[in-house]
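The next block holds one structure in the form of structure tokens; read it before the comments.
We count residues from 1, following the sequence as given.
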Amino acid sequence: MKNNAVPASRVCTSYESGILLLLPAAITHVVHLHANQIAMAQRIVCCDLPPEHTTGDGLTCTFDDISVAADAQRGRVECAAPTAESLFQDEERQGVRLRVTAASKAADAEAAAGFGGQPLHEEYLDKGAFEERLALASANDKSADPHAVASSTQTMKQRYSALKPFIIISVSYLLFTVTDGAVRMVVLLHAYQMGFSAMEVAVMFSFYELAGVVTNLAAGLMGARWGIKSTLLSGLSMQLVGIGMLFGWQTSWAKLQGILYVTAAQLLCGIAKDLTKLGGKTVTKLVTPDEKKSSLFKLVSFITGWKNSLKGAGYFLGAVTVAVNYYMALGILCGLVFAAMPWAAVGLSNQLGRARKENVTLARMFQNKPNINILSLSRVFLFGARDLWFEVPLPFFLRDPASGIGWSRSATGAFLAIWIIIYGQMQSWTPQLVLGPLKQAPPNKWVAALWCGILTAVPLVLGIVMLAGDTFGPGVPQWPAIAAITVVLYAFCLVFAVNSAVHSYLIVAYAEGDKVAQTVGVYYASNAVGRLTGTLASGALYSYVGATVVDGFGACLMVSCAFAAISTVVDLFLHEESGASGRRLGRLGAWLPGPKRSATTEPTQAQAALNGAGRIGRLALRIAFDEQQDVFQVVHINEPSPIESTAYLIKYDSVHGTWEHEVEAVDGNIVITRKDGSETVDWASMGVELMLECSGKFLDRAKLQPFFDRGCKKVVVSAPVKDPSPVLNIVYGINHELYEAANDDIVTAASCTTNCLAPVVKVVLDKLGIVHGCITTTVVDAPNSKKTDLRRARSALVNLAPTSTGSATAIALIFPELKGKLNGLAIRVPLLNGSITDCVFEVKRSTTAEEVNALFKEAADTYLKGTLGYEVKPLVSTDYINERRPGVVDALSTQVIDGTLVKIYAWYDNEFGYSCQMVKVLAMVANSMASRMTALASGIARIHGLRALRGSQRSLCVQAMANDQARSLSVAVVGAGAAGLATTRELLRAGHRPTVFEQAGNIGGVWKYSDEVDDEPCGGGQHTVPGSAYANLRCNLPREVMGLPEFPFDSHFKGSADPRQFCGHEEVQRYLEAFAEAFGLLQHICFNTEVQHLAPAAPSGGGPSSSSSSASSSAASSSSAWQQWDVTTRPTQPQPGGAPGASCTQRFDAVVVCSGHYSQPRVPHFPGQDEFPGLLMHSHNYRRPEPFKGQTVVIVGASSSGIDLADDIASAGAKQVYLCARVWENPLTGQVLQMNDSSILKRRQNGGGNAGDGGPAAAQGCEVTKAPNIQQLHADGSVTLVDGSHITGVDVVLFCTGFSYSFPFLEGTGLVSVQDNRAGPLYQHVFPPSVAPTLSFVGLTWKVVPLPQFRLQSRWIAQVLAGAVDLPSRQEMEQHIAEFYASLDASGIPQRYTHRQSDGVQWEYNRWLAEQCGDEPEPAWRQELYKCGGLSRKENAGGYRDQPLPGAQEAQRAAQEEAARVRKQRATAASTA
């Protein structure tokens, strides 16, 4: 037998986490199911209404032990009846006892059932009489007003009374589950620490599993005969006794004595587990109607999933607490069991779960349907396949320091806990995975066999790797082994969860109503048999097979594969039940032969209908048919006109021409039927999910409701919808990102004029500001539907008729800040098509016609391309017929009066252009429906992501993000450099509405090169520039490392012109510009706009301006009001006449600061500096080396920038270059050098031109001499160094001393200060605790790989603002900051290095950020490539930028593969869109 080497006890704090329970979601789910059960059940006449009761209030009908609230109908007592099948399914049953009881005489459900009080009516109904009563109720219903039935409050309370047992049992069950997982880990890890082998531990657990076999049968018998309450309380009591026994386990005992004692304790815990588990499954069946099979599947999966997730939390709780103290761990578990017991003792009925006939015997436990027995046998091998490697071998292998992984107890517990948690959540998500996208709903035997077959392959892969490869074992790197175990075993987790959920559904679905307790008992007995078999076999295989634990673990996996294969075969012997015939393999089974659903029943596109085939409807149909067939298909047209006329007008149009396709009023691609109203059309029978309403008659929610009643899921309306409950007005390209598929079932594409006006208003509002305005639009003649407008009754052939327009008012729905500031009129004109809008605005700052046109041209060419046009040709209205863009600015007509009164003409095709916009909206909605249907298991990390919360408990929270409604906030972003762009992208991804303020006229920040410099060489003057790039700057990091995951920085992006791995600054700028264009960021940026001041807004008592969720972060929850911000800005460009632009203040929900890092040069002061005659300058203002030719230059600061500039200047023919530092350490090697060391830094051999490569000198140019720091400057141009030496004839002192953080816009707020270059207080360099999360900072850390870290910081911020991730409390954040500062002081790190991150700190910080967001850590290749770049620089300082990186081949290949994969995904997404 292989022995265990027991390592020293240690705690792995990085895995400290827990679980947060979302029980209310389960309760809400059952409330909904039970309400549907009452509403949808068939009705029955119980008796005549007693004379003393004038209404049906308070009446209850009871069929044996099933109580249902009743009401009065036409002088009779009626109620929702149980199905005849459920009452008479037992062949020996001849009838049912019916009682009618009044609430005044029966205070509760038990009394109403005959256990107290006297009934008003009582009789015995056989099956025939029962069915006659059903028919009588049905006949009454046909003659009654269907809207006449009303329910009283008392009746509703009685209807939901059945939920009480579900809530109580779920609370007790889930609390118990935590202790079940925890006690398992306590015993296992404590036994391992005491030196027990895997086989010995397996024996300890054997009676735990053996007890499950007997107990499940006994529990089923007890539940059937005595009810669930007795089984639940018995289980909880047993658990207390079992845990109590473990207090007596002594370390001084012999192994045999310990095994026997712990086995006895585990026997009791095993009995307890299965007694308790019976209730959780049984009550689910009892509260779910038989006809709701899909809902039953979801509920079973939900409860089972959360049970397993909490068991995973228990695993971790046990591992962490036993690592601290064994007895403390047991005490905590006893407390949890005590907390669960009162609920069951007080709140449950003794009758719950009892069979109606009380002659259930042990023999009858096995008299089940064949499917129950077959499924139970399959379950034996399914769970055996898991426990063959999971329960004992896996933790032993993870703990083994010799041939295994060698992890601590906490780390091992964390691995198993996360496995169980993900397994549980995958079970909860399985109904959505199976029912929706995979078309396997509800599952049957084919689904079970398919998933079990997939499971078979998973352990086979890892088993082969362990037995045949050299990845595992002593003397090999650990990370491949860890990676292999993690990937394969977590893949097993996902697939096994689907299998388990499908089996759990099938067993409950196959169970008969009053036999559910005994059925579940037999089923879980088979569970226990499988676990027992797997546990014992795993102990033997792991301990005795092969020479090492690697061999043993591999053998366990291979046998696991065989068990899964047997389970697959057994599933195929299941018999299909009614309603489940035929294969239901969905898309995963498309390759299998046999019957499948036809393409007509599984459409790949959304099915849409057109209601109203007028001019807009017909044009929309044309566009949709030609351009959106891959997104949605129009399958029905509802139009009152004759079929032949509709087909003819679709084909022929006097304005827009003849359509190229043939249109006939017979069978074809388009089905045209004649209907008089949409309320009579059964849309569901036609497969219609999406409606395009173009009739103009359905303009409020009440009129649109019939579409939903008859099967539609989404409706897009071709006119503004006026309703007290606002409907989202969408102008595609302007505000379409506000659409939320989960909330917006009705959307409107606004009007044709609004679509023309919106892009014009956006440009003027964003760039110039709007005080107020008025618009006039021309519209073509149409029938006079507005009878009160007498001028529209006149002929439009010879008149211009003023009329009203709602477009100016509708604009305020898109731009709320303009409410009450715009108005307008319309003029009816004698034209067939083609319109113009005359826009007049009073703007906030002075401008010119040239500037206005320039702004529109920029918008039309960039961020509003396709939404706004710009035309300089002298065109007229007919030239714009068939214009696709919703609005085109007529540049020749733009006028500006007195600097602030702006007049603009915008042309539009009021039919075709608007139809194009509407079809875009329709496609967007269709895509959102498709995306919800095709979200497979890959979405688990996003929807059920593991979110690490750093609160007082530092718990691991599994959040069901699919059920959350995240906040959507208006966010001001300061700066459009790399940090600002990354932040904008993440804010948009999280659903926020960012506005970026950039003081320059371009993006890029420090990467945007300009010859312009500050008016003061050392900075601090009146005129400053944002950029610090110089002409010859090249990156000192491999470009792949610098890129963003979703937009690789290789040489394949649009505009790339420098393929070198260490590229020049121009390439970085091109990359940032391409990134901004690819993700539509430019439209959110206000260029040439300086932020003057940020100030917390006065409290208003409200939350975010556009919050759709009540969730809030811990840090913000202490305040009753969400802290908003007033942001004051002004234009940086002077106005005509040289006057500065006027300031403007706007209010935002949050602010993210992405500037202030590289704007304020940090310049030391030396004695004599004021008298020094030479040039003093900071590297911020260095651009080219030529001005320094023939001069002696002293550079202060020997970091990377100092080295780069020294080389650049020396290469251009400087006389002499000295590189000085306070403590001189070679920046290429990190070695601290003494001044008597004669080593000299030299330039690279291949000459100048690309700075940053310091190395051996070339044939031309001077050497770079290492020197100590400056002590004093002198008036004669000499410099004294700290060692007493002198340098004479110095022409230039160049400071490469970095920058100070500067946030002038926060002055006076007292929120963030900068002291010795420490910006704070900031939690994790991002959030000021006093105003978190509404103020945050991105990009303050240095000595890091910038862009990837910017992305992680901004992603964290965006999710915190959305309510998806929580912050610790303010007190906890402040405590963390204080501890961080203290650790820096203790380590002797200067305060100015607070935000400096060494390599190790950088990567750990990035991993922490990714964990907060529930993301995977950065790929290993990024860190490896970064490391290779650093080593190459040390080894080949002179030429590392132009040589292949040694040892980086694997990392580069991984980077290239990832880049290719990302490009392919983006291309696929783009083609789909």
- Message: Using modelled atom types and a 3.5 Å cut-off, is there a donor and acceptor pairing between side-chain atoms of Lys255 and backbone atoms of Glu200?
- Response: no

- Item | Ser543 side chain to Ser197 side chain, donor-acceptor N/O pair below 3.5 angstrom | no

- Task: For Arg184 and Gln266, test the side chains for any donor-to-acceptor distance below 3.5 angstrom and give the result as yes or no.
- Result: no

- Which pair of non-hydrogen atoms, one from Leu388 and one from Pro393, has the smallest distance, and what is that distance? O-CG, 3.6 Å

- Query: Given Arg1407 and Glu1418, is the salt bridge (charged side-chain N to carboxylate O under 4.0 Å, His left out) satisfied, shown in steps?
  - Reply: CA-CA 7 Å; Arg1407 278 191 291 271; Glu1418 292 182 294; over 6 Å; no

- Message: Could you walk me through whether Val201 and Tyr192 satisfy the side chain to side chain contact (heavy atoms under 4.5 Å, CB included) test, starting with their C-alpha distance in whole Å, then the side-chain angles of each, then the deciding distance to 0.1 Å, before giving a yes or no?
- Response: CA-CA 8 Å; Val201 173; Tyr192 181 92; over 6 Å; no

- Query: Just checking, is any N or O donor in the side chain of Gln1423 or Gln1402 under 3.5 Å from an acceptor N or O on the other one?
  - Reply: no

- Ser526 side chain to Ser376 backbone, donor-acceptor under 3.5 Å: yes

- Query: Does the side chain of Leu398 reach to within under 4.5 Å of the side chain of Leu416, using non-hydrogen atoms?
  - Reply: yes

- Query: Looking at Trp1408 versus Trp1356, is the centre-to-centre ring distance below 6.0 Å?
  - Reply: yes

- Message: Is there a side-chain contact between Gln1412 and Gln1324 in this structure, where contact means two heavy atoms from C-beta onward sitting under 4.5 Å apart?
- Response: no

- Message: Checking Glu391 against Ser538: is there a side-chain donor and acceptor pair closer than 3.5 Å?
- Response: no

- Message: Is the shortest side-chain heavy-atom distance between Val392 and Met199 below 4.5 Å?
- Response: no

- Just wondering, do Met185 and Phe316 contact through their side chains at under 4.5 Å, heavy atoms? no

- Message: Using a 3.5 Å distance criterion without hydrogens, assess whether the side chain of Ser1383 forms a donor-acceptor pair with backbone atoms of Phe1380.
- Response: yes

- Item | salt bridge (charged side-chain N to carboxylate O under 4.0 Å, His left out) partners of Asp180, counting only residues at least two apart | Lys311

- Crowding at CE, Met204 (>12 non-hydrogen neighbours, <6.0 Å): yes

- Task: Please examine the side chains of Pro1348 and Arg1422, heavy atoms only from C-beta on, and report whether any two atoms are closer than 4.5 Å.
- Result: yes

- So, for Gly258 and Trp249, which heavy atoms are closest and what is the spacing to 0.1 Å? CA-NE1, 4.0 Å

- Query: Quick one: does Leu382's side chain get under 4.5 Å of Leu455's, heavy atoms only?
  - Reply: yes

- Ring-ring centroid check Phe496 Trp451, cutoff 6.0 Å: no

- Is the count of non-hydrogen atoms from other residues, nucleotides or ligands lying under 6.0 Å from Phe338 atom CZ greater than 12? no

- Query: Side chains of Phe383 and Ser378: closer than 4.5 Å at any heavy-atom pair?
  - Reply: no

- Task: Say whether, by atom type as modelled, one donor and one acceptor occur between the side chain of Thr486 and the main chain of Ile482 under 3.5 angstrom.
- Result: yes

- Can you check whether Phe396's main-chain N or O pairs, donor with acceptor, with Asp400's side chain at less than 3.5 Å? no

- For Glu1450, check salt bridge (charged side-chain N to carboxylate O under 4.0 Å, His left out) against everything at least two apart and list the hits. Arg1453

- Query: Can any side-chain N or O of Thr456 pair as donor or acceptor with the backbone N or O of Cys452 at less than 3.5 Å?
  - Reply: yes

- Does the side chain to side chain contact (heavy atoms under 4.5 Å, CB included) test come out yes or no for Leu462 and Phe472, once each step is laid out? CA-CA 11 Å; Leu462 185 58; Phe472 294 81; 4.1 Å; yes

- Query: Passes side chain to side chain contact (heavy atoms under 4.5 Å, CB included), Gln1349 versus Tyr1405? Steps please.
  - Reply: CA-CA 9 Å; Gln1349 191 176 97; Tyr1405 178 67; 3.5 Å; yes

- Query: Which pair of non-hydrogen atoms, one from Gln239 and one from Ala272, has the smallest distance, and what is that distance?
  - Reply: N-CB, 3.4 Å

- Minimum heavy-atom separation for Gln478 to Gly404, with atom names? NE2-O, 3.9 Å

- Query: In this structure, which one of Phe553, Trp407, Trp389, Phe390 forms a ring pair (Phe, Tyr, Trp, His ring centres under 6.0 Å) with Phe397?
  - Reply: Phe553

- Under a 4.5 Å cut-off applied to non-hydrogen side-chain atoms, are Gln250 and Tyr261 in contact? no

- In terms of heavy-atom contacts, does CG of Asp470 have more than 12 from other residues, nucleotides or ligands at under 6.0 Å? no

- Is the centre of the Tyr423 ring less than 6.0 Å from the centre of the Trp419 ring? yes

- For residues Leu557 and Met466, report the shortest heavy-atom separation together with the two atoms involved. CD1-SD, 3.7 Å

